[in-house]
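Quick note on labels: first sequence line is chain A, next is B, and so on, each numbered from 1.
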Number of protein chains: 2
Amino acid sequence: MSDNGLDAVKLDGAGPVYDQIRRAIRDLVLNGAWPPGTSVPPEHALMERLGASRMTVHRALVQLAREGLITRRRRSGTVVASPPASHAMLDILSIPDEVRRLGQDYSFEILSRRDGKPAPEVAALFELKRAAPVIHLVTRHLSGGQPHVLEERVIHLATVPGAADESFETVPPGDWLLQHSLWSQAEHALSAVAAGPREAELLGIGRGEPCLLVERRTWNQESPVTAVRLLYPGGRHRFVGRFGPYGRV
Amino acid sequence: MSDNGLDAVKLDGAGPVYDQIRRAIRDLVLNGAWPPGTSVPPEHALMERLGASRMTVHRALVQLAREGLITRRRRSGTVVASPPASHAMLDILSIPDEVRRLGQDYSFEILSRRDGKPAPEVAALFELKRAAPVIHLVTRHLSGGQPHVLEERVIHLATVPGAADESFETVPPGDWLLQHSLWSQAEHALSAVAAGPREAELLGIGRGEPCLLVERRTWNQESPVTAVRLLYPGGRHRFVGRFGPYGRV
DNA sequence: GCTATCTAATTGCATATGCAAATAGCAAGC
DNA sequence: GCTTGCTATTTGCATATGCAATTAGATAGC
């Protein structure tokens, strides 16, 4: 490919041209065909390749830049941006980072690992029709030596085959996935639950004490990637977000 | 004002023209000078008034439309949009709407009301230096006759003077505020807590049962508007949100 | 080798122009 | 009154053009 990916950009003829261009490039980014750091062809090249005027190409690129998918600099050109590590409140976040931001030492331990077909209730989490092979992990994260959060995670091996060969001894599963998998959509649910006996013991709190439960499921283009339940001791954690009437600020 | 607000649009000379126009109109909307429903002058009028080309005016308006501040239709023109009632997950929402969306009958009752200087811990909520006059309300919201959520709210009278004359008998405080006040910034915090004796009784749950606590503080340009604590019985409620790696979807 | 300078590539912005698409409101016809 | 069709208004989109700002990389000078 001497063209630096130029001819991967294809229009589909649906809707305004600037939007076709925008979607074409967006898809290349989200599919991983153009990973972060890839340089996007300059406006003139796209203009010739696509037979559109520079202003039309420009419009598409400006919009993508505002959406955060690419960054642009005069003379240097346009490159695919790295996804922000964490938006305000509920984004995919790295627990080690979360802990260190609070100024604490971080460590973690894998409490259990099971490879194979998931239990029925685990399959249900993913809304899987058939029991597909997964890795089932329970991890405890520690902050300054104290239990911070309990993580129960299922990794869908069909989508992330590399996970089978990973021991998760040095990198916790969530962080490993952030580096080794792509995701295009996630769903969060937040609720309050009482700690069960085993959970209470692992978190060093009393039975029945309130905990904040974060459940997150992640997909990449229809394929499930991972599902995780994070159980935070209630008293010690809060999630905070800020916004204005028309959206985030 | 025969000009329909046209000459309220003023440029400040800072940065690109299209962005000056965008900010000028945005500020008129956010300040309440152009409330929802107000019609924005057509592109030709702005173009003449501001001495910019139509494409430049167009660019500003298109961007505002994408941000959700205005809606545009061919021939009908451009009007200021109503702020969305509820974004995905944690936005200012109307509890009656929330309940009705679940298909339940809604009702509410004011359990207590106290006007005057706030208690110290209430003033602290707002980060107020001095004890300013407030209304302190405790409300219980019911869904199909069952307790749905307990609301404790403080309304800052200096910012929302009209609240003093409102009985909140027909419209719950949160909804009344949505209609009678403006806000430019809000902060949420989510945590899990155990129900206290009085709270448990009011919510019809057992003492110490887990509850989801949503704390929200709202400002309008530096002035506090209201602070509220919403206590949801844990088992019965979850908050859900969906997004992609670069933001909401 | 190091630094100052120049050049050219690339994006940013604004204008002028023309046509297309949607549609509110009016007019005509029944 | 009701429907049908017309027309003018307003936004949507694309092009062509020109200049400004930034700066990576080459070049020249020391």
Side-chain angles (χ1 to χ4, degrees), chain A residues 2-6 9-26 29 34 37-81, chain B residues 2-6 9-26 29 34 37-81:
Chain A
S2 61
D3 57 86
N4 203 29
L6 218 201
V9 186
K10 291 204 180 69
L11 305 189
D12 59 9
V17 178
Y18 79 87
D19 206 54
Q20 295 179 47
I21 300 175
R22 196 193 114 248
R23 283 181 288 118
I25 295 178
R26 183 201 59 187
V29 172
W34 289 2
T38 307
S39 76
V40 176
E43 295 181 353
H44 279 105
L46 288 167
M47 170 183 163
E48 276 191 25
R49 152 102 177 119
L50 302 171
S53 77
R54 183 167 85 92
M55 284 308 287
T56 301
V57 172
H58 183 71
R59 184 171 175 179
L61 292 174
V62 163
Q63 193 161 332
L64 285 168
R66 225 184 357 245
E67 290 168 13
L69 293 227
I70 59 179
T71 58
R72 321 190 72 208
R73 273 173 63 212
R74 280 163 169 154
R75 166 73 219 215
S76 309
T78 302
V79 296
V80 176
Chain B
S2 61
D3 58 85
N4 203 29
L6 218 201
V9 186
K10 291 200 180 70
L11 305 189
D12 58 10
V17 177
Y18 80 88
D19 205 55
Q20 295 179 47
I21 301 176
R22 195 194 116 248
R23 282 181 288 115
I25 295 178
R26 182 202 61 187
V29 172
W34 288 3
T38 307
S39 77
V40 176
E43 295 181 353
H44 278 105
L46 288 167
M47 171 184 161
E48 278 191 21
R49 154 99 176 120
L50 302 172
S53 78
R54 183 165 86 92
M55 284 308 287
T56 301
V57 172
H58 184 72
R59 183 169 175 180
L61 293 174
V62 163
Q63 192 160 332
L64 285 167
R66 221 181 4 242
E67 291 168 11
L69 294 224
I70 58 179
T71 59
R72 321 191 71 208
R73 274 172 61 212
R74 281 162 170 157
R75 165 74 218 216
S76 309
T78 302
V79 296
V80 177

At 4.0 Å (heavy atoms only), tell me whether [X] reaches a base, stays on the sugar-phosphate, or touches nothing.
X	answer
Arg73(B)	sugar-phosphate
Gly15(B)	nothing
Arg54(B)	base

Val40(B) side chain reached by Val79(B) side chain, heavy atoms, under 4.5 Å: no

Test item: Tyr18(B) and Met55(B) side chains (from C-beta on) under 4.5 Å apart, heavy atoms: no

Less than 4.0 angstrom between a side-chain N/O of [X] and OP1 or OP2 of [N], yes or no?
X	N	answer
Arg59(B)	dC13(C)	yes
Thr78(A)	dT10(C)	no
Arg75(B)	dA8(D)	no
Thr56(A)	dT15(D)	yes
Tyr18(B)	dC13(C)	yes

Between the base of dT11(D) and the side chain of Arg74(B), is there a donor and acceptor pair under 3.5 angstrom? yes

Write down the distance between [atom1] ([X]) and [atom2] ([N]), rounded to a whole number of angstrom.
X	N	atom1	atom2	result
Arg72(B)	dT23(C)	CZ	C1'	15 Å
Glu43(B)	dT17(C)	CD	C1'	15 Å
Glu48(B)	dT15(C)	CD	P	14 Å
Arg22(B)	dA14(C)	CZ	C1'	17 Å
Leu64(B)	dT11(D)	CG	P	13 Å
His58(B)	dA14(D)	NE2	C1'	11 Å
Leu50(B)	dA14(C)	CG	P	12 Å

Short side-chain to backbone donor-acceptor contact, Arg49(A) and Val9(A), under 3.5 Å: yes

Can you tell whether the side chains of Glu43(A) and Arg72(A) come within less than 4.0 Å, N to carboxylate O? yes

Quick one: do Arg22(B) and Glu67(B) make a salt bridge, cutoff under 4.0 Å? yes

To the side chain of [X], which of [options] is closest?
X	options	value
His44(B)	dT11(D), dT15(D), dC13(D)	dT11(D)
Ser76(A)	dC13(C), dT23(C), dT23(D)	dT23(D)
Met55(B)	dT10(D), dT10(C), dT17(C)	dT17(C)
Ser53(A)	dT11(D), dT15(D), dA14(C)	dT15(D)
Val62(B)	dG12(D), dG12(C), dT15(C)	dG12(D)

